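Encoded as structure tokens, the structure appears first; notes follow it.
Every chain is numbered from 1 and lettered A, B, ... according to where its sequence line falls, protein lines coming before strand lines. Source: prediction; values computed, not measured.
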2 protein chains.
Amino acid sequence: MSSTHTHSKKSQSLTKNQKIVLNLLQNSGEALKAYSILDSLKKEGLKSPLQIYRALDKLVELGKIHKIESRNSFIVCNNSNCASNTVFAICERCGNVKEIKNSDLSEGVKELVKKNRMNVTRYNLEFFVLCKSCKTN
Amino acid sequence: MSSTHTHSKKSQSLTKNQKIVLNLLQNSGEALKAYSILDSLKKEGLKSPLQIYRALDKLVELGKIHKIESRNSFIVCNNSNCASNTVFAICERCGNVKEIKNSDLSEGVKELVKKNRMNVTRYNLEFFVLCKSCKTN
DNA sequence: CACCTTTATGTTATATTATTACATATGTAA
DNA sequence: TTACATATGTAATAATATAACATAAAGGTG
Ligand SMILES: [Zn+2]
Ligand SMILES: [Zn+2]
Ligand SMILES: [Zn+2]
Ligand SMILES: [Zn+2]
């Protein structure tokens, strides 16, 4: 035993199911739905929706993934740290989702927040677009 | 007979069910869920989810109402014409939803769109806030 | 270590949200 | 009239998400 140096770093504290779900989302690179994730993970032993939703909830809470609200799907965070302020471009034709850095938006958002005296915790912006691939077809 | 003067104005072309649903949303003034709308309209003779969803779909399409994606609820449009570009403040504590004019946002959005070379059809921005009433309690 | 608390897991059942499929009716235009 | 598009009614079912409860693992305190 000796060095059972409990690597209890906060940063790698994902549990088994959380790791499995995160891996799938990372490897897929696209937005996935909960029940499609469940299907894909039957072989890993996960067999109930709740196992998926619990992992997803936690990963969202940790900022590792985001939920695409208008599509009930989930995608890995593309940025280092969104602080849960998210911007997506969602293709209306093929459903492709791409996360966008929100830096350019901050000024406009700040003004809007100030003018409306809002106590903003976070925000989520969804652009509905025709993606490059769909535009050329 | 005689004057069956078909009042076929495009502007008032809502159908019976569409009018009933829109009226309820207008009178309530708050965001409502489809099945709660259904419950409220049992007395008007609407009895299946599909009757509600069809009316809601059409009203959204016409821009009369909006869907709050993160809450699966619907609210009357608060502006004259959003062109389906919507901004909401959603209280995380009580669920209250308020539509916000998006004029101040346009510059930041335009830049973001330009920088990412997006072909944007429309957008939806959801601010998660602590509303005034909840802040004081 | 023993003890307690918190967090995660497994499992079943159920709630909530939304659509498919098909038959009928109504509105609009040539 | 005929044709076509749009709206309605109704039943069944699909897709998304949570409640409830039992058990297990992880973490902190003394
Ligand atoms: Zn992100
Ligand atoms: Zn596309
Ligand atoms: Zn509006
Ligand atoms: Zn509130």
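Distances shown here put a side-chain N or O of A/K33 below 4.0 Å from the OP1 or OP2 atom of D/dT16. Between C/dT9 and A/T15, a contact under 4.0 Å exists linking OP1 or OP2 to a side-chain N or O. Look at A/Q51 and you won't find any side-chain N or O under 4.0 angstrom from OP1 or OP2 of C/dT9.
When rounded to the nearest whole Å, the span between CG of B/L46 and P of D/dG9 equals 7 Å. Summarising the geometry, the separation between CD on A/E44 and C1' on C/dG10 is reported as 17 Å, rounded to the nearest angstrom. Taking atom CG of B/D39 as the reference point, atom P of C/dA15 lies 14 Å away to the nearest angstrom. Nucleotide D/dA26 holds its P atom 10 Å from the NZ atom of A/K19, rounded to whole Å. Rounded to an integer number of Å, the gap from CD of A/E61 to C1' of C/dT6 is 14 Å. Atom pair A/N17:CG and C/dT7:P shows a separation of 17 Å (rounding to whole Å applied). Nucleotide C/dT9 holds its C1' atom 12 Å from the CD1 atom of A/I52, rounded to whole Å. Between the NZ atom of B/K42 and the C1' atom of D/dG9 there is a distance of 15 Å, given to the nearest Å.
The distance from the CG atom of B/N17 to the CG atom of B/L59 is 10.0 Å, given to the nearest 0.5 Å. Taken to the nearest 0.5 Å, the CD atom of A/E126 stands 9.0 Å off from the OG atom of B/S70. Residue B/M118 holds its CE atom at 10.5 Å from NZ of A/K135, rounded to the nearest 0.5 Å.
The stretch residues 66-74 of chain A touches DNA chain D through A/K67, A/N72, each having a heavy atom under 4.0 angstrom from the strand. Proximity of residues 22-30 of chain B to DNA chain C (heavy atom under 4.0 angstrom from any strand atom) is not detected for any residue.
Proximity of a side-chain donor or acceptor of A/Q18 to a complementary backbone N or O of A/A55 within less than 3.5 Å is not detected. In this structure a side-chain-to-backbone donor-acceptor pair under 3.5 Å is present from B/Q51 to B/S48.
Within the structure, the salt bridge (Lys or Arg N to Asp or Glu O under 4.0 Å) test picks out no pair touching residues 71-83 of chain A (sequence neighbours left out). Legend: ring-ring contact (aromatic ring centres under 6.0 Å, His included) pairs involving residues 45-64 of chain A, not counting sequence neighbours: none detected. Residue pairs that meet the side chain to side chain donor-acceptor pair (under 3.5 Å) test with at least one member in residues 83-98 of chain B, sequence neighbours left out, are A/T121-B/E92, B/T86-B/N124.
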Under 4.0 Å protein heavy-atom contacts per nucleotide of nucleotides 19-26 of chain C, with B for base, S for backbone only and - for none: BBB-----
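Of the candidates B/I68, B/I52, B/V60, B/V60 is the only one forming a side-chain contact (heavy atoms from CB on, under 4.5 Å) with B/F74.
Other residues sharing the hydrophobic cluster of A/L50, ordered by chain and number and joined by side-chain separations under 4.5 Å: none, the residue standing alone.
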Please tabulate, one pair per line, all N/O donor-acceptor pairs under 3.5 Å involving side-chain atoms of residues 23-31 of chain A, not counting sequence neighbours.
unit_1 : atom_1 : unit_2 : atom_2 : d
A/N23  : ND2    : A/K19  : O      : 3.4
A/N27  : ND2    : A/N23  : O      : 3.3
A/S28  : OG     : A/E30  : N      : 3.0
A/S28  : OG     : A/E30  : O      : 3.1

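Each of A/K47 and A/K58 was matched to the nucleotide of DNA chain C holding its nearest heavy atom; the match closer to the 5' end belongs to A/K58.
Evaluation of the ring pair (Phe, Tyr, Trp, His ring centres under 6.0 Å) rule for B/F88 yields B/H66 as partners, not counting sequence neighbours. In this structure, A/E69 has no side-chain hydrogen bond (donor to acceptor under 3.5 Å, both in side chains) partners at least two apart in sequence or on a different chain. Residues satisfying the side-chain hydrogen bond (donor to acceptor under 3.5 Å, both in side chains) test with B/S73, not counting sequence neighbours, are none.
In this structure, the helix from C/dC1-D/dG30 to C/dA30-D/dT1 shows an angle of 40° between the axis at its start and the axis at its end, each fitted on 5 base pairs and rounded to 10°.
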